[in-house]
Amino acid sequence: MQTSVHEDYLEWILENRIDTLGEDTLQSLSRKFDRSVDAVRQDLNQLEDTGDIIRGPDNAIRLTEQGHKTAECVLKKHKILECFFTEMLGMDQSTASEQACRIEHEASDETISRLKNYISCPRPCRQENRRSCPQARDLKPLSFYKENETVRVALVRGPRRMGRLNDIGAIPGEEITIQRKLSNGSLVVTIKGSDIAISPEIAASVLVEPIE
Amino acid sequence: MKAALIGNPNVGKSLIFSQLTGIGVEISNFPGTTVGISSGGVCYQREIVELVDFPGIYSLDGTSDEETSVRRYLQEGNVDVVIPVINASNLERNLYLLLQIAEYELPGVVVINMIDESEKAGIEIDFERLSEMFGCRVIATAASEGRNIGDIVPCILSDARKMGYEVTYGQHIEAAIRSLVKIHRCSRREALDALQMLGADTDLLESASTIADEIEDEHQMSVHQIIATNRHNAATKIANEITSFKGHKKRFDLDRLLTRSFPGIPILIILLFSTLLTVFFVGSFLEEIIVEQFEIYLVTPLMAAGFSPFWEQISFSLILAVQAGLGIAFPFVFVFYILLSILEDSGYMTRAAFLADRAMHHVGMHGQALIPMVLGLGCNVPAIMSIRQLPKRERFIASFLITMVPCSARTVIIAGIVAVFVGVAWALSIYLIVFILIVITGIVLTRITPGEQFGMILEMAPLRKPQPVQTLKRAWLHMKEFLFIAMPLLLVSSVFLGVFQYVGIIQAFQDIFAPIMETVLGLPPYASTSLLFGILRKEMAFETLAILAGTADLGSVMSGLQLYVFAVVSVLFVPCISTVAVLWREMGWKTALLISGYTLILGLGIGTVINLLAVTFL
């Protein structure tokens with residue numbers, strides 16, 4: 001069995017908090033890894049041999065300390081990669097998850113920890129000729145743009161009450177058009193086909209990027 | 001059976017509701033809150049369906065009063081069938097709420113309304129496909145034409161199927177849901193709510209908060225944002241799958257005129273002014289007729305009937321209250337509400353709120369508070385009831401400012417005393433004084449009221465031609481609040497006043513205060529008497545003055561200055577008894593007392609200043 005498959009099993013057991021290995025669990029495992037149920041059984045035996053899982057009576061199963069450690073490590077890598085792909089690179093959820101699934105096994109601990117640092121406190125790019133990286137994009141508040149400009153939402157800051165903005169559709173990635181801007185900063189924007197009036201201070205907390 | 005209409009604002013929910021229920025509508029509050037909910041019965045083939053109309057909401061996991069109330073109502077299982085109402089011409093945004101409703105897995109029938117508008121815009125919708133996706137019946141309606149509205153009730157009675165649609169959330173959210181469901185044996189929906197810190201189960205909330213913190217750390221986004229994004233993406237996917245766009249939306253965009261500083265703001269001012277003028281002219285014309293009828297058919301016969309003095313006093317005050325109430329209610333308040341409903345129905349009020357937003361910030365509120373302030377020009381009581389949807393801090397400021405807005409009754413005083421005997425320009429100057437005082441009060445309150453100012457997020461209702469029936473119904477709803485809340489208060493307080501007057505308490509009161517008021521305000525004794533009367537019965541200050549002066553020609557007995565001071569003081573000081581009562585109910589007794597005290601001092605203070613200035617310099 002390949003290391004990646006091996007790790008995938010452990011990750012899956014941890015993530016889904018599997019404690020019994022019933023027929024349906026085997027079925028879903030076989031679907032997930034595209035292997036026959038028998039092959040899955042064999043794989044699990046191997047996992048037991050390597051000391052990553054322990055099996056008990058009544059199909060009970062649990063990760064050993066070693067197995068738990070491996071699984072946690074892989075799961076963490078997966079989450080960080082996926083987060084990077086969706087949040088920073090703007091990839092869609094399923095592709096991001098699928099890609100993360102592949103890379104998680106190859107990426108070194110250092111790569112991941114650097115990536116994690118990068119996500120939590122991004123630095124502006126130093127090399128100027130490099131293609132603009134996400135955080136160096138010029139994110140400006142919505143209030144910066146003019147009438148009839150269409151921009152893409154990147155980030156909505158602010159307290160929970162801003163939840164209304166998310167509910168009406170101002171979510172990262174959404175394109176919004178400024179219909180009207182008064183000299184005092186009040187805006188009317190079109191979000192998902194409806195015109196919404198917003199106060200200047202709210203417009204200031206919506207960070208947007210221009211659409212190329 | 002109990003069925004509930006749920007939907008975004010402006011989807012025609014209330015129109016469907018009123019078409020189904022007719023007139024027998026009851027408006028009550030959600031238990032323990034001040035959020036209104038209308039309910040009415042529908043009878044179909046001997047089965048009775050109790051239909052409930054929730055306030056328009058955007059989401060079921062928001063934190064506003066409306067959203068919280070609706071969520072709680074659904075959670076407690078008070079509803080047998082849900083009827084999500086969706087705007088066909090804005091399907092995508094509306095589907096977001098539908099996805100949330102579907103998570104409750106209640107039996108339901110989806111109503112897609114306004115298909116007339118979507119057809120005009122060239123949008124084709126595959127209703128069959130939507131019905132398959134959510135596993136329930138879908139009815140396409142056009143409430144403004146009454147199309148297919150009749151199908152709703154038979155369908156909820158015979159074919160309400162359990163709704164369901166599973167949104168795929170981000171991996172971390174899904175993992176969190178799985179572990180919460182597993183550990184706490186809660187439903188998927190409860191787990192989602194708990195991740196957003198909603199719900200009552202403390203154990204569940206505690207473990208959810210640990211997971212949520214972790215997710216938020218990693219994503220640099222709140223869980224609510226992540227979930228909202230997932231749902232919006234799902235909604236977009238569904239919308240793309242079931243709609244096809246043919247032709248192009250073409251409309252003359254009136255907003256090009258209405259929402260610009262120019263000519264938008266002049267249009268706003270002209271509209272408000274002409275509304276007020278119409279109310280004033282139509283109102284005073286009707287008022288005269290109504291008051292006269294009362295005099296002829298009730299007051300005169302009563303005086304001649306020869307009751308004992310006590311009962312005569314009481315029934316006299318009762319009739320006076322009804323006379324004053326109706327004399328102001330129908331002519332001024334109702335006319336005002338009809339005009340206002342036209343503005344609301346046409347969608348103009350949201351434009352007005354947008355234009356006024358920035359200016360309202362200076363007085364501590366935002367554009368949405370414009371509507372209650374304008375309502376206050378009709379009657380302060382419903383205006384104060386309508387500030388419920390504002391945040392707490394703004395509600396406090398608004399309650400002060402609204403009480404200072406000259407309502408119809410005060411308009412009667414200004415018009416009847418100042419405009420007639422002193423001059424129209426002087427009458428307008430009173431409005432100006434009141435306006436300046438409102439602005440100053442607002443600025444001061446903004447500085448001293450604790451809390452943070454929060455801006456406005458308001459959907460602009462699409463501009464529509466107002467429908468006469470709908471407009472009248474809306475005006476009647478406003479009117480009902482006046483009739484059933486302000487009027488009874490007026491009647492009860494009038495009877496008490498009658499008793500007080502009979503016992504002599506009022507006389508004693510007058511004896512104490514009249515001399516003071518004479519010195520500082522320079523008013524004759526009977527004027528200060530009626531002024532004191534006006535504290536309790538604003539609308540009567542004018543009539544009482546005429547009665548006490550012994551002549552309707554006030555100009556012959558009082559100087560212009562005296563009349564002017566009288567009007568200023570009675571317009572400014574202490575709201576009428578009904579307003580005080582409603583302030584008490586909505587804001588608590590402390591605020592009610594504070595406002596009464598403030599306006600009392602303000603009224604007397606300004607009156608004194610005007611009097612002293614005039615005496616010194618003229």
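Reminder, nothing fancy here: chain letters follow the sequence lines and each chain counts from 1.
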*asked:* Within a 6.0 Å radius of atom NZ on A:K140, are there more than 12 heavy atoms belonging to other residues, nucleotides or ligands?
replied: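 Yes, NZ of A:K140 has more than 12 neighbouring heavy atoms, counting only those of other groups under 6.0 Å.
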_Heavy atoms from other residues, nucleotides or ligands near CZ of A:R55 exceed 12 (cutoff 6.0 Å)_ =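 Counting neighbours around CZ of A:R55, more than 12 heavy atoms of other residues, nucleotides or ligands fall under 6.0 Å, so yes.
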Check whether any side-chain N or O of [X] sits under 3.5 Å from a backbone N or O of [Y] as a donor-acceptor pair, and report yes or no.
X	Y	result
A:E209	A:L139	no
B:N113	B:V11	yes
A:E147	A:K181	yes

*Check the angle between the aromatic planes of B:H366 and B:H361 and answer parallel, tilted or perpendicular using the 30° and 60° thresholds.*
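Aromatic pair B:H366/B:H361 classed perpendicular.
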Does either side chain, that of [X] or that of [Y], offer a donor lying less than 3.5 Å from an acceptor on the other one?
X	Y	answer
A:Q179	A:D195	no
A:H6	A:D52	yes
A:H78	A:E15	no

With respect to chain A, which residue among [options] yields the maximal number of heavy-atom pairs within a distance under 4.5 Å?
options	result
B:R260, B:K182, B:E92	B:R260
B:Q171, B:Q100, B:R231	B:Q171
B:Q225, B:E67, B:H232, B:R93	B:H232

Is [X] close to chain A through its backbone or its side chain, or both, or neither, when contacts mean heavy atoms under 4.5 Å?
X	answer
B:T168	neither
B:N230	side chain
B:I227	neither

_For chain B, which residues of residues 63-75 of chain A have heavy atoms nearer than 4.5 angstrom_ = none
*Would A:Q99 and A:E82 count as a side-chain hydrogen bond (donor to acceptor under 3.5 Å, both in side chains) if you check the C-alpha gap in whole Å, the side-chain angles of each, and the deciding distance to 0.1 Å?*
CA-CA 8 Å; A:Q99 282 291 306; A:E82 189 188 310; over 6 Å; no
*Start with the C-alpha gap between B:M460 and A:R180, add the side-chain angles, then the distance that decides, and say whether side-chain contact (heavy atoms from CB on, under 4.5 Å) holds.*
CA-CA 12 Å; B:M460 305 271 252; A:R180 181 75 66 236; over 6 Å; no
*Any idea which of A:S94, A:G173, A:S194, A:C83 has the most non-hydrogen atom pairs under 4.5 angstrom with chain B?*
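Looking at each of A:S94, A:G173, A:S194, A:C83 in turn, A:S194 comes out on top.
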*Residue-level interface, residues 174-181 of chain B with chain A, non-hydrogen cut-off under 4.5 Å*: B:A175, B:R178, B:S179
*When you look at A:K32 and A:D8, which way does the side-chain contact (heavy atoms from CB on, under 4.5 Å) test go after all the steps?*
CA-CA 10 Å; A:K32 161 107 181 154; A:D8 277 337; over 6 Å; no
*State whether A:E110 and A:K77 are salt-bridged, where the test is any N-O pair (Lys NZ or Arg NE/NH1/NH2 against Asp/Glu carboxylate O) under 4.0 Å.*
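The answer is no: the pair does not qualify as a salt bridge.
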